Protein chains: 2
Amino acid sequence: MIARSELKKELINAGIRPSVQRLAIYEYVKSHHTHPTADVVYDALRDVLGSLSLTTVYNTLKLFVDAGLVQLLTIDDTFRCFDGDTSSHAHFRCDSCGRIVDLKIKSDFLAMVDGLGGFEIKEAQLYLKGICPICKRKN
Amino acid sequence: MIARSELKKELINAGIRPSVQRLAIYEYVKSHHTHPTADVVYDALRDVLGSLSLTTVYNTLKLFVDAGLVQLLTIDDTFRCFDGDTSSHAHFRCDSCGRIVDLKIKSDFLAMVDGLGGFEIKEAQLYLKGICPICKRKN
DNA sequence: TTTTATATTTGCAATGATTTCAGAAATGAA
DNA sequence: TTCATTTCTGAAATCATTGCAAATATAAAA
C-alpha cells in the first residue's frame, strides 16, 4: 500500500493535476492488482466519492495510460482492463475462470525476438492463455 | 501461395465445409500477410464474389479462429485483426504508421517466464509496440 | 430427378463498450 | 471577490461486433 501523498507526487511529476477523482482512481489501480475494467473502478469509487461519472473514469485512465503511469491490457478481446503495475511482467488469462494473473518475466526476454535491429520498442506485452492451476485441479 | 485444393483439404480436415465464401476468406487470410480486419477482408472479397455479407466474414473468421486455423490479434485495442500464419511468432505494431510486422521468436521463449508450473498454456501472444525502421528513417 | 432436411449466407436491427460534446462545477491566480 | 482555466458530468453519438429470422445453397434420400 503506497501512501496517498506519494501517489499525489507521482501525478504531479507526470504533469497531471491531482484532483479528488484522479487521486482516487490512481490509488485504486495502484493498490488493487486485480486488473480492473473502467466499469469496475467506477462501481468501486462511485460510493466512496460523493459522485463520479463513468466518463471521468474512462478519461482519467486514458490520461494515466498516455502518461505511462498505468498499463492498458487487451488480453481479453471483449474488454480493456488496466494494470497499475507498469514494471515488465507477463499476463496469463484463464479460459475457464477468466482470472488474469501476473507472471514474472526475465528482464532480457526481448533477446528471444529476432530482427529487432532498427526497431524502437516502447512497449511489450506477453499474453498467455490457457487453464490456471486452480481450475485444473477442479477437473 | 498455397493451392486452392490444398486449402480446401485443410478446411475439410478441420471439419469445416468449404463453401465458396469460406474458401475465399480462407485463401485471403492465408495468402495476405497484412493482418487484415474483418472489414478489410469484406472489402477485398465483396467484388470478387458476387455477393458477400460482413456478417459472414465475421462468422467465418471466428469459425477459423475456434478451429485453430487462424490467429486473432488484439495488438491494437480499437479493433481485432487476423493472421493466417498460426506458427509461433511475435507481432510489432508501429505507433506511427500502424503497420503490424511479424517477427521471429525462439521456440523456447516461454522459458523466460517464471512460475508457469501448474499452468496449462494453450496460446501465447507477444505484442511489441514502438516505431518501425521505416518511420524512424523518415524523422 | 424430385423431395426433404440440413447447413450456410444474408441484411438489418440490436448490443454494448467507449467517446464526444457542451454545459456545470471546481480550482487557482490576480 | 472576480476572472480565466481546468476538470467533471451526463446524455447522446459512435462504431465494431453480434443476434436473429428469412432466404439460399448443398447434401441425402426417395
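Just so we're on the same page: letters track the sequence lines, and every chain starts at 1. The structure displayed is predicted, hence computed values, not measured ones.
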Which is true for B/T37 with a 4.0 Å heavy-atom rule: it touches a base, it touches only sugar-phosphate, or it touches nothing? nothing
Considering only heavy atoms from C-beta outward, does the side chain of A/C97 approach that of A/I134 to under 4.5 Å? no
Check: residues 112-133 of chain B side-chain donor-acceptor pairs under 3.5 Å, at least two apart:
unit_1, atom_1, unit_2, atom_2, d
B/D114, OD1, A/K106, NZ, 3.2
B/E123, OE2, B/Q125, NE2, 3.4
B/Y127, OH, B/T74, N, 2.9
B/K129, NZ, B/I75, O, 3.0

Under 3.5 Å, N/O pairs linking protein and nucleotides 24-27 of chain D:
none

B/R22 has an atom CZ; how far is it from atom P of C/dT10, in whole Å? 11 Å
Quick one: do the B/H91 and B/D102 side chains pair a donor with an acceptor below 3.5 Å? yes
Test side-chain hydrogen bond (donor to acceptor under 3.5 Å, both in side chains) applied to A/D76 and A/T78, step by step: CA-CA 6 Å; A/D76 192 305; A/T78 58; 2.6 Å; yes
In whole angstroms, the gap separating C1' of C/dT10 from CD1 of B/I25 amounts to 12 Å
Checking C/dC21, C/dT9, D/dC20 against the side chain of B/T55 (C-beta onward), the nearest is D/dC20
Across all chains, not counting sequence neighbours, the side-chain hydrogen bond (donor to acceptor under 3.5 Å, both in side chains) partners of B/K62 are none
For a quick test of reading the model: is some side-chain N or O of A/Q21 closer than 4.0 Å to OP1 or OP2 of D/dT9? yes
Give the rounded distance in Å between these two atoms: CG of B/N59 and P of D/dT17. 12 Å
Those residues that, when tested against B/D85, pass side chain to side chain contact (heavy atoms under 4.5 Å, CB included) (two or more places apart): B/D83, B/S87, B/H89
d(OH, B/Y42; C1', D/dT18) in whole Å: 16 Å
In Å, rounded to the nearest 0.5 Å, how long is the span from OG1 of A/T60 to CG of A/L69? 12.0 Å
Please give, in whole Å, the distance from D/dT17 C1' to B/D39 CG? 11 Å
Integer-rounded Å distance: C/dT18 P and B/D77 CG: 9 Å
Please state how far atom CG in B/L49 lies from atom P in C/dT9, giving the value in whole angstrom units. 10 Å
Under 4.0 Å from OP1 or OP2 of D/dT9: is there any side-chain N or O of A/T56 that close? yes
Is there a path of hydrophobic side-chain contacts, each under 4.5 Å between heavy atoms of I/L/V/M/F/W/Y residues, joining B/V40 to B/V57? yes
Using atom names, set out every protein N or O paired with an N or O of nucleotides 13-16 of chain D below 3.5 Å, distance rounded to 0.1 Å.
none

When rounded to whole Å, the CG to P distance for the pair B/L11 and C/dT8 reads 11 Å
Looking only at the side chain of B/L54 (C-beta and beyond, no hydrogens), which of the listed nucleotides C/dT9, D/dT17, D/dT9 gets closest? D/dT17
Can you pull out every ring pair (Phe, Tyr, Trp, His ring centres under 6.0 Å) where at least one residue sits in residues 40-88 of chain B? Sequence neighbours excluded, please. B/Y26-B/F64
